[in-house]
Each structure stands twice: as structure tokens, then as C-alpha cells.
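One is the number of the first residue; the rest follow in order along the sequence.
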Amino acid sequence: MHKIRLENVRVYTNHGCLHEEELIGSEYRVDLEVIADLSKSALSDDLNDTVDYVSLNKIIVEEMAVRSKLLEQVAQRILTRIFKEESLVQHAEVKVAKINPPIGGDVQSVIIIMSEERK
């Protein structure tokens, strides 16, 4: 098995439970790692034989644009779409980080990490 990683995908959106978060929005960072067999594409040099990281980035950006109160819901939507749209992916881990969260302290980020395997 092999890995593809998308690191530090940055988006500005409006997730959160507070009304101010909905109105103002904030910065988020998403990291994604998928595990798949990339042997065929390594030999064929054909995009149809691999997991397209452009598609993975599109899934992240589109799901991050859908407002949620909880980062857990956003992370789960990303995982669900990956397994629906990328048949070669056997395992995926997504990290969704809220940068400078409004939690009354000096905290760089809060990160939700979720992983799933193909059933």
C-alpha cells in the first residue's frame, strides 16, 4: 500500500457554534492522508489508474464550504465523499484544524482527527 498526503489545505469559512463564528468566519487548515495501491499507476503513468489529488482537494474545499457547528461533522463528510468517489482508497485520515479558536485562551489551533477504512 502507498500514501498520498495533502498538507496544509487552507480555507476561510464559518464553522462553529457561536453566532459570531457564523457571521465573521475564521481560518481552517486541513491535512489529509489516504492509503491506496498505487502500483498500477506507477507503471502506467496514467491518471485513471491512481487517486487524483486534485479530486481530493476539491472534496476538502467543497465540504469545508458547507457550514457546520462541529468540526467532527465536516471531517466525516470529507471521509464519506472520499470513499464514495475514490474507489482505490482503502484508508483515509483527515485532520481539520480551527486556527485561533475563540476559546478564551492563547491557543494556536484546535484539531479534530478522524480516520476510516473501506468497509
Side-chain angles (χ1 to χ4, degrees):
M1 287 295 163
H2 309 101
K3 296 179 182 182
I4 296 175
R5 289 186 182 147
L6 278 74
E7 296 181 340
N8 201 21
V9 179
R10 290 165 293 207
V11 294
Y12 192 91
T13 190
N14 59 345
H15 302 301
C17 294
L18 301 175
H19 181 65
E20 293 79 11
E21 292 175 301
E22 182 179 2
L23 295 176
I24 298 168
S26 59
E27 290 184 65
Y28 293 82
R29 186 190 75 236
V30 179
D31 297 317
L32 175 66
E33 179 177 280
V34 299
I35 297 176
D37 185 353
L38 304 177
S39 300
K40 185 175 180 181
S41 60
L43 294 173
S44 71
D45 198 27
D46 187 339
L47 183 60
N48 294 315
D49 293 335
T50 193
V51 177
D52 184 357
Y53 52 80
V54 172
S55 172
L56 295 175
N57 186 66
K58 180 179 180 227
I59 290 169
I60 291 169
V61 170
E62 288 177 357
E63 293 304 327
M64 288 298 291
V66 178
R67 176 165 163 65
S68 293
K69 291 180 182 175
L70 300 178
L71 297 181
E72 292 91 323
Q73 186 182 68
V74 181
Q76 186 59 59
R77 284 198 319 261
I78 291 169
L79 289 171
T80 299
R81 276 198 56 197
I82 288 168
F83 285 104
K84 181 180 176 185
E85 297 177 24
E86 293 291 340
S87 63
L88 292 178
V89 172
Q90 294 302 309
H91 177 88
E93 179 179 274
V94 64
K95 299 176 186 178
V96 180
K98 180 181 271 190
I99 310 302
N100 297 317
I103 61 175
D106 185 12
V107 178
Q108 179 178 333
S109 63
V110 173
I111 303 171
I112 298 298
I113 302 169
M114 296 178 75
S115 62
E116 196 169 305
E117 293 197 25
R118 185 168 297 281
K119 297 171 180 143

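Residues passing the salt bridge (Lys or Arg N to Asp or Glu O under 4.0 Å) test with Arg29 are Asp31, sequence neighbours excluded. In this structure Lys3 satisfies the salt bridge (Lys or Arg N to Asp or Glu O under 4.0 Å) test together with Glu33, sequence neighbours excluded. Scanning for salt bridge (Lys or Arg N to Asp or Glu O under 4.0 Å) contacts around Lys95 gives an empty result, with sequence neighbours left out. Qualifying salt bridge (Lys or Arg N to Asp or Glu O under 4.0 Å) partners for Arg81, counting only residues two or more places apart in sequence or in other chains: Glu62, Glu63, Glu85.
Within the 4.5 Å cutoff, no side-chain heavy atoms of Val30 are placed close to those of Val74. At least one side-chain heavy atom of Glu86 sits less than 4.5 Å from a side-chain heavy atom of Leu56.
Transitive grouping of hydrophobic side chains (ILVMFWY, heavy atoms separated by less than 4.5 Å) brings Val54 and Val51 into a common cluster. Under the 4.5 Å side-chain heavy-atom criterion for grouping Ile, Leu, Val, Met, Phe, Trp and Tyr, Val94 is not connected to Ile35 through any hydrophobic cluster. Under the 4.5 Å side-chain heavy-atom criterion for Ile, Leu, Val, Met, Phe, Trp and Tyr, Ile4 and Val96 are members of the same hydrophobic cluster. Transitive grouping of hydrophobic side chains (ILVMFWY, heavy atoms separated by less than 4.5 Å) brings Met64 and Leu71 into a common cluster. Hydrophobic clustering, with ILVMFWY side chains joined whenever heavy atoms are under 4.5 angstrom apart, groups Val34 together with Leu6.
Once rounded to the nearest 0.5 Å, the distance linking CG of Leu79 with NZ of Lys84 reads 14.5 Å. How far CD1 of Ile59 is from OG1 of Thr80: 10.5 Å, rounded to the nearest 0.5 Å. Rounded to the nearest 0.5 Å, atoms CD (Glu117) and CZ (Phe83) are 7.5 Å apart. The distance from the CG atom of Asp49 to the CG atom of Asp37 is 10.5 Å, given to the nearest 0.5 Å. Summarising the geometry, atom OH belonging to Tyr53 is positioned 8.5 Å from atom CG belonging to Leu47; distances are rounded to the nearest 0.5 Å. Interatomic distance, CZ of Arg67 versus CG of Asn14, reported as 5.5 Å (0.5 Å rounding).
For residues 88-119, no pair satisfies ring-ring contact (aromatic ring centres under 6.0 Å, His included), with sequence neighbours left out.
Looking at every heavy atom in both residues, Ala36 comes nearest to Met1 through C-SD, 3.6 Å.
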Donor-acceptor pairs under 3.5 Å, side chain of residues 97-110 to any protein atom, not counting sequence neighbours: which ones?
unit_1, atom_1, unit_2, atom_2, d
Lys98, NZ, His15, O, 3.4
Lys98, NZ, Glu21, OE2, 2.4

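In Asp45, the CG atom is not crowded: 12 or fewer heavy atoms of neighbouring residues, nucleotides or ligands sit closer than 6.0 Å. Taking a 6.0 Å sphere around CZ of Arg118, one finds it holds more than 12 heavy atoms contributed by other residues, nucleotides or ligands.
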